[in-house]
> 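Quick one: the structure is below, and I'll ask about it shortly.
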Amino acid sequence: DTWRYAFEEALDEVQGVFAQKFKEEVEANSDHEVQLFPFGTLGESDNILEQTQSGILQFVNQSPGFTGALIPEAQVFFVPYLLPEDDDQLFAFFRNSEAINTIFPELYAQQGLELLTMYPEGEVMVTSDRPIAAPADFNDVKVRVMTNPLLVESYRAFGATPTPLPWGEVYGGLQTGIVDAQENPAFFIESTRMYEVQDHITRLGHNNFTTALMANQDFFAGLSEEDQQVIRDATQAAFDHIIEYQQGLTEASLEAITAAKPSITVTTLTEEERAPFRDTAERVEATFLEIGGPRAQEVLDQMKADLDAAAN
Ligand code: 6CS
């Protein structure tokens, strides 16, 4: 039979590369086929998640940037400066985190979703129509964010005017001035050509883009143990592949962007410049504890313990 798998990006973007590896592994190790549905074939991110909850799709890759509206605890990924900038620490965290491997699967299960893995997609950068070096520069700047209440709060704390929009409206929104800025990893700024309608890229070092692969829970529970193992193994292989794939990706993407548009500026803020942004983390964390659902405190504490373990 055929398993249907939807994701939020194109085939040659990070989620697509992950999905292709997953498909290859499942098909090499079982009689099942995996049919891939990239962004734009079945609707926006929220649509493909609903289609998976209802069983029309078997698999979905959705980022907490959108899932956070449904599972409030998943908003934790938008506390700024929580995830480490160091790749080795970041990857160790995703591999070994108790929060990701134990707590989040329980929370996703309450929504009919089997959480198979979470993985990072790359350092998040701000693109804008004006230079940004301090919170004051964000004054009256409409920053498009994913539809996640804590992400909205974090940009409010940065001093900006956050505007939540689904992905499909972003390029046009930047082009027509409905929004002035947005955040995403470099590979995505390059592949979607957002740089065409933005003049500045700023590296605040505030986050890495987290995403998640899930299955419809009834579908997964109804599979033989052997098929479940095929899925777990394919997930692990895709995870390893995507970590490897990301080596050097950010720098290569930035080079491609500046080659395509030499006038664009790419600025890495100094530690001094980052300090006022970093100072907002405490306030955003407090908001997370208010709006992050019944297990917010437990999730935050476990994340911090996991991050400490990954740092050592
Ligand atoms: O900004 C967004 O909405 C999108 N960003 C990425 C990197 N993947 C999918 C998501 O829809």
Side-chain angles (χ1 to χ4, degrees), residues 5-20 36-52 57 59-70 74-75 77-78 80 83 90 94 117-128 142-152 154-155 160 162-175 178-198 201-204 206-214 238 242-243 245-246 249-250 252-254 256-257:
Y5 176 137
F7 49 103
E8 305 169 313
E9 296 174 7
L11 262 183
D12 59 356
E13 293 168 346
V14 170
Q15 289 183 20
V17 172
F18 183 101
Q20 291 191 68
L36 298 180
F37 295 91
F39 180 82
T41 55
L42 296 174
E44 287 283 359
S45 187
D46 286 345
N47 303 120
I48 57 177
L49 188 81
E50 283 159 18
Q51 289 160 19
T52 307
L57 296 172
F59 296 96
V60 66
N61 191 140
Q62 191 192 52
S63 309
F66 296 104
T67 324
L70 182 74
Q75 297 177 97
F77 293 99
F78 299 94
L83 295 182
L90 183 77
F94 275 95
T117 194
M118 288 188 176
Y119 61 93
E121 292 196 38
E123 177 192 330
V124 172
M125 303 174 188
V126 173
T127 71
S128 52
K142 287 170 281 169
V143 183
R144 177 271 173 171
V145 292
M146 293 180 283
T147 52
N148 177 303
L150 197 73
L151 182 55
V152 168
S154 74
Y155 270 89
T163 307
L165 286 177
W167 165 242
E169 292 171 37
V170 179
Y171 189 97
L174 291 167
Q175 196 171 30
I178 289 170
V179 285
D180 310 307
Q182 65 86 42
E183 62 158 37
N184 255 306
F187 84 85
F188 202 63
I189 297 166
E190 198 262 322
S191 60
T192 62
R193 295 172 169 260
M194 274 188 279
Y195 60 83
E196 291 174 343
V197 288
Q198 297 276 263
I201 298 178
T202 309
R203 302 174 77 165
L204 278 72
H206 67 297
N207 212 353
N208 199 288
F209 194 99
T210 296
T211 198
L213 175 65
M214 301 152 247
I242 211 63
I243 295 299
Y245 176 78
Q246 282 178 61
L249 183 63
T250 293
S253 305
L254 287 175
I257 291 168

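First listed ligand is number 1; within each ligand, the first listed atom is number 1.
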> For Phe188, enumerate each residue passing the ring pair (Phe, Tyr, Trp, His ring centres under 6.0 Å) test, keeping only those at least two apart in sequence or located in another chain.
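Only Trp167 meet the ring pair (Phe, Tyr, Trp, His ring centres under 6.0 Å) criterion with Phe188.
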> Give a table of atom pairs where an N or O of ligand 1 lies under 3.5 Å from a protein N or O.
unit_1, atom_1, unit_2, atom_2, d
ligand 1, 1 (O), Arg144, NH1, 2.7
ligand 1, 1 (O), Asn184, OD1, 3.4
ligand 1, 1 (O), Asn184, ND2, 3.0
ligand 1, 3 (O), Arg144, NH1, 3.4
ligand 1, 3 (O), Arg144, NH2, 2.9
ligand 1, 5 (N), Asn184, OD1, 2.9
ligand 1, 8 (N), Glu9, OE2, 2.7

> With side chains defined as the heavy atoms from C-beta onward, is the minimum distance between Asp46 and Phe66 less than 4.5 Å?
yes
> Return the set of residues passing ring pair (Phe, Tyr, Trp, His ring centres under 6.0 Å) with Phe209 (not counting sequence neighbours), or none when no residue passes.
none
> Output the distance between atom CG (Asn208) and atom CD (Gln246), rounded to the nearest 0.5 Å.
7.0 Å
> Does a side chain donor of either Asp12 or Ser191 reach within less than 3.5 Å of an acceptor in the other side chain?
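There is no such pair between these side chains.
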> Can you list every pair that meets salt bridge (charged side-chain N to carboxylate O under 4.0 Å, His left out) and has a residue in residues 181-194, with sequence neighbours left out?
Arg193-Glu196
